[in-house]
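Computed from a prediction, not measured in an experiment: that's the story for all the values here.
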Amino acid sequence: MPGDAPEDIVVDTDGMLWTGLIDGRIVRIDPEGPIAVAGQVDGRPLGMATARDGRLLICTSPGGLLAMDRSSGDTEVLVDAVDFRPLTFCSNVVELPDGTIYFTQSTARFSYRHFKAAIFEARGDGGLFRRDADGTVTQVLTNLYFANGLTLTADGSALVFAETQGRRLSKYWLTGPRAGTVTPLAEHLPGMPDNISTGSDGRIWCAMVTPVNRAADFLAPRAPLLRKLIWRLPERLQPQIEPVVWAVAFDPDTGAAVAGVRMNHPDFGAVTGLVEHRGRLWLGTIGYPAVASIITPVTARLPGFEGGVA
């Protein structure tokens with residue numbers, strides 16, 4: 001990998017993998033061949049998706065939502081502010097078949113540089129937004145606790161979104177009698193969910209960036225002043241990410257954990273993005289200068305989940 005911390009990873013219609021590095025470079029990965037730098041953006045690239053027109057949708061922090069031509073690397077700003085408030089932490093994005101784009105903002109207060117501050121302060125100031133085909137942007141959900149990964153269910157009936165600090169996955173319904181409402185999918189997770197994607201069989205794959213940090217959990221309901229003091233401590237004294245290799249597949253209807261992997265590796269961990277492609281699960285990270293892949297798990301015993309595989 002020609003750089004560090006490839007946070008999310010997605011696949012395009014040509015079978016190429018894409019990721020963004022901490023210095024703003026956008027990288028194309030041929031699963032059977034070379035890696036190439038295809039573009040450069042301002043801000044830290046985070047969640048990505050392939051648009052209907054073939055461009056790459058890229059969330060940046062700070063910055064907002066961009067679209068990048070995969071051939072030329074040219075970029076267009078799609079959303080950089082909502083109601084005159086700059087997007088400080090645009091986190092993940094998905095486009096529907098009709099051209100409607102949904103995206104998350106993790107927090108309205110901090111940028112990626114201070115993501116731990118948002119986790120420690122636990123303000124619940126994240127949100128889900130909709131950009132219509134005419135460019136109109138509307139906030140559809142508020143008070144989310146570090147809104148993060150976002151994916152469309154295989155049947156198109158709902159969006160699934162992750163709240164990292166809230167440790168849960170939820171469904172925002174797009175069709176049917178529940179359209180416009182939210183229902184829980186998986187709650188009280190034993191790890192911190194990050195980016196998510198829909199697998200070839202409809203399962204919802206979730207990157208678990210780290211197990212629950214007891215110190216951060218303890219701080220969440222405490223006085224705001226105490227939480228602010230913690231994240232202002234030197235980095236070495238703050239609660240740290242435990243860099244395990246951890247990914248879990250959830251049933252899109254019941255929320256049961258049905259497959260996954262959890263292991264330690266000396267050269268990889270802190271999984272923040274993932275995508276299933278050609279029988280393998282490709283993993284991104286904020287902790288290492290590499291992407292990784294494993295054979296897509298079909299079933300597995302999952303430590304931390306009651307009863308293992310449902």
Below 4.5 Å, heavy atoms only, C-beta onward: do Y102 and L150 meet side chain to side chain? yes

Sorted by first residue and then second, give each salt bridge (charged side-chain N to carboxylate O under 4.0 Å, His left out) pair with at least one member in residues 3-14; sequence neighbours left out. D12-R70, D14-R70

Check whether T296 reaches the backbone of G279 with its side chain - one donor and one acceptor, N or O, closer than 3.5 Å. yes

Could you walk me through whether R203 and E276 pass salt bridge (Lys or Arg N to Asp or Glu O under 4.0 Å), step by step? CA-CA 10 Å; R203 295 181 297 179; E276 185 183 346; 5.0 Å; no

Report the C-alpha distance between R280 and S293 in whole Å, list the side-chain angles of each, state the deciding distance to 0.1 Å, and finish with yes or no for side-chain hydrogen bond (donor to acceptor under 3.5 Å, both in side chains). CA-CA 6 Å; R280 301 192 70 84; S293 72; 3.0 Å; yes

Looking at T50, L56, I58, V275, which one forms a side chain to side chain contact (heavy atoms under 4.5 Å, CB included) with W18? L56

Mind checking side chain to side chain contact (heavy atoms under 4.5 Å, CB included) for S170 and listing every partner two or more places apart, or none if nothing turns up? F161, E163, R168, V182

Keeping T104 on the side-chain end and S106 on the backbone end, is there a donor-acceptor pair under 3.5 Å? no

With no hydrogens and no angle check, is any side-chain donor or acceptor of T151 less than 3.5 Å from a backbone partner on T198? yes

D23: what forms a salt bridge (Lys or Arg N to Asp or Glu O under 4.0 Å) with it, not counting sequence neighbours? R25

Which ILVMFWY residues are connected to L65, directly or by a chain of links, through side-chain heavy atoms under 4.5 Å apart? L57, L78, V79, V82, L87, V93, I101, F103, F129, V137

Not counting sequence neighbours, which residues clear salt bridge (Lys or Arg N to Asp or Glu O under 4.0 Å) with D132? List them please. R130

Please answer whether the main-chain N or O of D253 pairs with a side-chain N or O of K171 as donor and acceptor at a distance below 3.5 Å. no

Ion pair check, E95 and R52, cut-off under 4.0 Å: yes

Of all the heavy-atom pairs spanning F115 and I286, show the shortest one and how long it is. CZ-CD1, 4.1 Å

Just grab all the salt bridge (charged side-chain N to carboxylate O under 4.0 Å, His left out) pairs involving residues 148-157, residues at least two apart or on different chains. none

T175 and G156: which non-hydrogen atoms are nearest, and at how many Å? CG2-O, 4.2 Å

Looking at D83, I want to see if its CG is surrounded by more than 12 non-hydrogen atoms of other residues, nucleotides or ligands under 6.0 Å. no

For a 4.5 angstrom cut-off between non-hydrogen side-chain atoms, does F268 reach L283? yes

Compare all side-chain heavy atoms of V27 with those of P6 and state whether any distance is below 4.5 angstrom. no

Do the side-chain N and O atoms of N148 and S91 include a donor-acceptor pair separated by under 3.5 angstrom? yes

Answer whether the closest heavy-atom distance between the side chains of I294 and V261 falls below 4.5 Å. yes

